[in-house]
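If you're wondering where the values come from, they're calculated on a predicted model, not measured in any experiment.
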Amino acid sequence: MTDHVLIFDTTLRDGEQSPGATMTHAEKLEIAEMLDDMGVDIIEAGFPIASEGDFNAVAEIAKRAKSAQICGLSRANFKDIDRCWEAVKHAGNPRIHTFIGTSPLHRAIPNLDMDEMAERIHDCVTHARNLCDNVQWSSMDATRTEWDFLKRTVDIAIKAGATTINIPDTVGYTEPGESADLIRRLLEEVENAETVIFSTHCHNDLGMATANSLAAVNGGARQIECTINGLGERAGNTALEEVVMALRVRNDVMPYDTKIDTTKIMNISRRVATVSGFPVQFNKAIVGKNAFAHESGIHQDGMLKNRETFEVMKPEDVGLTGTSLPLGKHSGRAALRDKLGKLGFEMGDNELKDIFVRFKDLADRKKEVFDEDLIALVHQNSSDDDHLKLKDLTVICGMTGPQKATMVLEVGGTDQTIQATGDGPVDATFNAVKELYPHAARLQLYQVHAVTEGTDAQATVSVRMEEEGRIATGQSADTDTVVASARAYINALNRLILRRQRTGPGTDAREIRYTDAGE
């Protein structure tokens, strides 16, 4: 099928060459199985001559492969090629991949002139073809090779029996227009070029790997070499997930198909990130944490009405359960209402307005507001009718005491200020409240726990107080533990004040049940 693009995955070879990305034998087998199951056409399982471990991994992957071709890499010498064949020959459909650098810079390394290199290419491809019917030849650094010499070497490799010709952009030097033209010219000018498959292998040094690979396909290439998450040397390679989803989404202008099961992309992306030790950047296309996340209020409102307004693909297509609308300082009321509704809180307009103000205040102090943060905000249960309201708090603490708290507290509509000391910042804060609003309530419980992870996590503070048989609890959350403590303490006092008012003469307050949220 001329419109079918083969996916050649080299995560286990080129990807593992990333400094620090070495995988264990078991991990290689696991990733290979996942690639095979996902529908990758060719798996480059390793570089068999590199080490005994690499040889054993390639050989075992070859034995276990169900449908994918299994390929091994070899340099342009008979010893490498023989070792590669020994590893891949166990596969149902084996491939030998041999390469040599053809640019002036790379020819200088083995000190070969053009004629000597041409002869070596002929001899090595011929030797590989005598062992295996499926032979790929690569012109390393093809995009910096003189045109006439590149054309000559490709012609030699085809006549020697290569079935796939790979044109690598080894150092990520080219740009999309050049990438397409290079493949197109080779197909037009090299004899019998139509009898082989042309492949593209692009590195991402200038951030154009995926664009160059897709352009090469438009120029006539029918194999894309890539890695999961774009893993690879230096800035990495063309990312499998990017080219596959681009071909699917832009089918109107790139009418090519692959057999990749895209719903398995996210799963293998996460596994490769784990075993390689290379985490996926948050804003990475397709598989990054933020790829289907929308924080802006305008974007969230649009997504709630029609997700096609800001998404060109469905998250379900790559194995996610749905779009994420993380809440942050740019989020609007529509997204907040939607999120609270999903958490089980149906809010009236006034309630939403109150929570939205507190949400914005929190979002200015946190990178991301999580579900637990919102639940804590709902349960703060602040009211304009409260007798006591915290207006300002400054605390000085450290290893030398006593600690000091300067507080502005609104008491019955009047702001009052005081400075108090205590055994720690929380004790100083509670003492300040007592001095501004004297009371006989006794603190029964003071409890703190983090709502979410991270140093910017909200602390949720719970306070239980008792006064003449009346018991009230207060709860508050804030990224500042002392502020949360003050608010929880004041919330509990406000409820005790309310219960005094509700309890008539001779009534045992402990027998009265109230429906205050959070109790």
A side-chain contact here means heavy atoms from C-beta on lying under 4.5 Å apart; do L186 and I165 qualify?
no
Open item on the list: Can a side-chain donor-acceptor contact be found between T174 and T143 if the only test is distance below 3.5 angstrom?
Closed with: no
Next on the checklist: Looking at D317 and K314, is any side-chain nitrogen of the basic one under 4.0 Å from a carboxylate oxygen of the acidic one?
Outcome noted: no
Rounding to 0.5 Å, atoms OG1 (T227) and CD (E16) come to a distance of 12.5 Å
- Query: Under 3.5 Å, is there a donor-acceptor pair between the side chain of N204 and the main chain of G236?
  - Reply: no
Are any of the side-chain nitrogens in K28 or D54 under 4.0 Å away from the carboxylate oxygens of its partner? yes
**Asked** Under the 3.5 angstrom rule, does the side chain of D14 hit a backbone N or O of G232 as a donor-acceptor pair?
**Response** no
We want to know whether E225 and T10 form a side-chain donor-acceptor pair, criterion being a heavy-atom distance below 3.5 angstrom.
no
Self-check item: Salt bridge flag under 4.0 Å for residues D82 and K79
Solution: no
field: Check: A209 main-chain N/O paired with T238 side-chain donor or acceptor under 3.5 Å
entry: yes
query = Is the shortest distance from a Lys or Arg side-chain nitrogen in R234 or D205 to a carboxylate oxygen in the other one below 4.0 Å?
reply = yes
Ignoring hydrogens and geometry beyond distance, is a side-chain donor-acceptor pair present between Q136 and E44 at under 3.5 Å? no
Note: R107-E116 ion pair, threshold 4.0 Å (strictly below)
no
**Item:** Side-chain heavy atoms of V287 within contact of M266, under 4.5 Å
**Value:** yes
Ignoring hydrogens and geometry, is there a side-chain-to-backbone donor-acceptor pair from D338 to A334 under 3.5 Å? no
Separation between CG (N166) and CE (M140), nearest 0.5 Å, reads 11.5 Å
- [ ] Taking only Lys NZ, Arg NE, NH1 and NH2, and the carboxylate oxygens of Asp or Glu, determine whether E188 and R184 approach each other closer than 4.0 Å.
- [x] no
Measure up the H97 and F8 rings against each other and bin them: parallel (under 30°), tilted (30 to 60°), perpendicular (over 60°).
perpendicular
